[in-house]
> 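Starting off with a structure, shown below.
Being a predicted model, the structure only gives us computed values, none of them experimental.
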Amino acid sequence: MLSYAVTGYYILRVSGECVADYLELCRKNGWDYCDFTFQSDGSANMCMRSTTAKRAVSAAAEACIPIDIVRIGGLPKILLGLFRRPGLWIGGILAICLLFLSSRFVWDVRVSGNTRLTEREVEMALRTCGFGVGSYLGEFKADRTENRVLMHQKEIAWISVNMKGTVAYVQIRETASPKENTNLTPANVVADVGGQIVRVELSRGNVVTVAGKWVDKGDLLISGIYGGEQSGIRYTHAEGRVYARVVEEISIAIPLSYERKTYATEKEDIFCEKYMIFFENYIKFSKKTFNSEKSCDIIKRVSVPFSKTGADLPIALETRWYVPYTVTTEKRTYAEAEALAYLELSQKIGSLPGGAEVLSKTITTTLGEDTYFLTCTLECIRDIAKEQTFEVLP
């Protein structure tokens with residue numbers, strides 16, 4: 001049967017009343033066959049080599065013996081199918097070429113040793129200097145690339161680029177980041193809002209206010225200047241927390257009319273495009289392009305094949321869904337607007353600087369023609385300290 005598969009074969013079917021005549025025809029001509037089997041309807045199937053089967057079919061037609069070709073198989077059939085579908089063998093040739101050429105390009109860049117710089121920033125610095133995913137390894141010179149990066153990115157003090165196959169392992173050392181010595185930057189602490197001082201927690205500097213004192217916005221609380229004529233005037237970066245009783249006004253407006261998006265739910269209304277990303281180049285698979293005039297949101301999903309196997313290939317698949325929507329004007333009820341207003345109020349109180357301790361609050365609400373208004377007068381204790389640097393003239 002192996003020889004039949006190599007040379008090609010035909011599966012022929014002969015009706016039951018003509019089986020004996022056909023077998024006699026095969027005997028007289030010396031035609032070989034195999035896998036002779038009777039079917040449930042009385043007909044018989046047999047397998048013959050392609051060249052023999054063609055002669056047998058022609059001879060059976062001359063002898064008025066009805067015969068049907070059930071199936072044609074074997075290597076010649078497969079090769080003919082490939083040539084009739086050029087995309088298959090062209091794709092195979094391209095795949096072989098790709099495997100051959102892939103070892104000559106950078107497929108992945110892995111960065112280590114970075115703390116302040118992100119991996120993306122290091123990769124962009126390398127790409128600016130002519131090296132990255134897709135770079136031709138025949139033109140790669142490690143020392144030249146490293147020197148270019150050091151000149152381009154001042155935050156990198158040392159870099160090493162080592163190739164292992166098609167993966168570039170990049171190690172860097174960042175330049176030392178001198179921390180600002182705030183002690184050398186003269187600064188005062190002033191009030192960011194007006195209020196009555198409750199307590200002062202001093203870290204550095206000269207306190208110039210006391211508990212119970214009323215201050216206005218911008219008033220000096222902790223001075224960065226201390227000393228006198230005898231000891232000399234000195235400067236420091238004043239630090240501390242100054243808690244005061246303050247009054248905050250919070251205003252919130254919730255419109256009763258708002259726009260709402262309604263998305264299409266039918267599958268035929270949602271358009272899908274598929275791309276293959278190869279070395280950062282997008283190759284489109286979809287035959288059609290989305291060009292609807294309807295408003296739509298775009299949902300993207302990127303998957304990386306073979307990622308679970310640990311193979312880092314510069315190939316990804318991106319799917320884009322275009323989901324049309326319509327915008328309608330909706331109306332909120334009074335209760336819904338009120339709930340939203342109180343929710344926003346709690347968020348604004350929670351975001352007050354200095355960890356506000358609420359003492360009391362007075363809330364007034366007003367319903368306008370198309371807006372719900374909420375005003376809150378809030379009395380609280382919070383840190384009003386604000387650092388303000390100043391210059392020392394020589």
> Assigning hydrophobic clusters by single linkage (Ile, Leu, Val, Met, Phe, Trp, Tyr; side-chain heavy-atom cutoff under 4.5 Å), is V208 placed with V200?
no

> Counting N and O atoms only, with roles assigned by atom type, does the side chain of N188 sit under 3.5 Å from a partner on the main chain of G224, one being a donor and the other an acceptor?
yes

> Would you find a donor on one side and an acceptor on the other, under 3.5 Å apart, between the side chain of T52 and the backbone of M48?
no

> Would you find a donor on one side and an acceptor on the other, under 3.5 Å apart, between the side chain of E62 and the backbone of A59?
no

> In plain terms, say whether E379 and R245 are close enough for a salt bridge, that is, a side-chain N and a carboxylate O under 4.0 Å apart.
yes

> Does E248 pair with K348 as a salt bridge, N-O distance under 4.0 Å?
no

> Looking at Y10, is K54 sitting on its ring face, NZ or CZ under 6.0 Å from the six-membered ring centre and within 45 degrees of the normal?
no

> Can you list every pair that meets side chain to side chain donor-acceptor pair (under 3.5 Å) and has a residue in residues 366-376, with sequence neighbours left out?
S257-D370, K331-D370

> For R382 and D192, what are the C-alpha separation, side-chain angles and deciding distance, and is it a salt bridge (Lys or Arg N to Asp or Glu O under 4.0 Å)?
CA-CA 11 Å; R382 70 174 183 86; D192 66 341; 3.6 Å; yes

> For the hydrophobic clusters of this structure (ILVMFWY residues joined by side-chain heavy atoms under 4.5 Å, transitively), does one cluster hold both Y136 and W107?
yes

> Mark yes or no for whether D216, through its side chain, and G194, through its backbone, hold a donor-acceptor pair below 3.5 Å.
no

> I'd like to check the side chain to side chain donor-acceptor pair (under 3.5 Å) partners of Y263; sequence neighbours left out, ordered by chain and number.
D297

> Please answer whether the main-chain N or O of S15 pairs with a side-chain N or O of S43 as donor and acceptor at a distance below 3.5 Å.
no

> Short question: side chain of T236, backbone of A238 - any donor-acceptor pair under 3.5 Å?
no

> Can you list every salt bridge (Lys or Arg N to Asp or Glu O under 4.0 Å) pair that touches residues 127-145, not counting sequence neighbours?
R127-E280

> One thing to verify: whether E146 and R148 come together as a salt bridge, which I'm taking to mean a side-chain N less than 4.0 angstrom from a carboxylate O.
no

> Is any side-chain heavy atom of K213 closer than 4.5 Å to one of V210?
yes

> How about R301 and W321: do any of their side-chain heavy atoms sit closer than 4.5 Å?
yes

> Ignoring hydrogens and angles, tell me if any N or O in the side chain of H237 forms a donor-acceptor pair with the backbone of P186 under 3.5 Å.
no

> Strictly distance-based, threshold 3.5 Å: is any side-chain N or O of D68 a donor or acceptor partner for the main-chain N or O of V70?
no

> Is the backbone N or O of T118 less than 3.5 Å from a side-chain atom of E121, with the two atoms forming a donor-acceptor pair by type?
yes

> Name the orientation class of the two ring planes belonging to F36 and Y33 (parallel below 30°, tilted from 30 to 60°, perpendicular beyond 60°).
tilted

> Does Y275 have R320 sitting over its ring (NZ/CZ under 6.0 Å from centre, angle to axis within 45°)?
yes

> To the nearest 0.5 Å, how far apart are CG in L202 and CG in L221?
11.5 Å

> Identify the heavy atoms of D108 and V133 that sit nearest to each other, and give their distance.
CA-CG2, 4.2 Å

> Does the Lys NZ or Arg CZ of R234 fall within the cation-pi geometry relative to Y226 - under 6.0 Å from the ring centre and within 45° of the axis?
no

> Just verifying a value: how many Å separate N114 CG and I156 CD1, rounded to the nearest 0.5 Å?
9.0 Å

> Is the backbone of R116 close enough, under 3.5 Å, to the side chain of E174 for a donor and an acceptor to pair up by distance?
yes

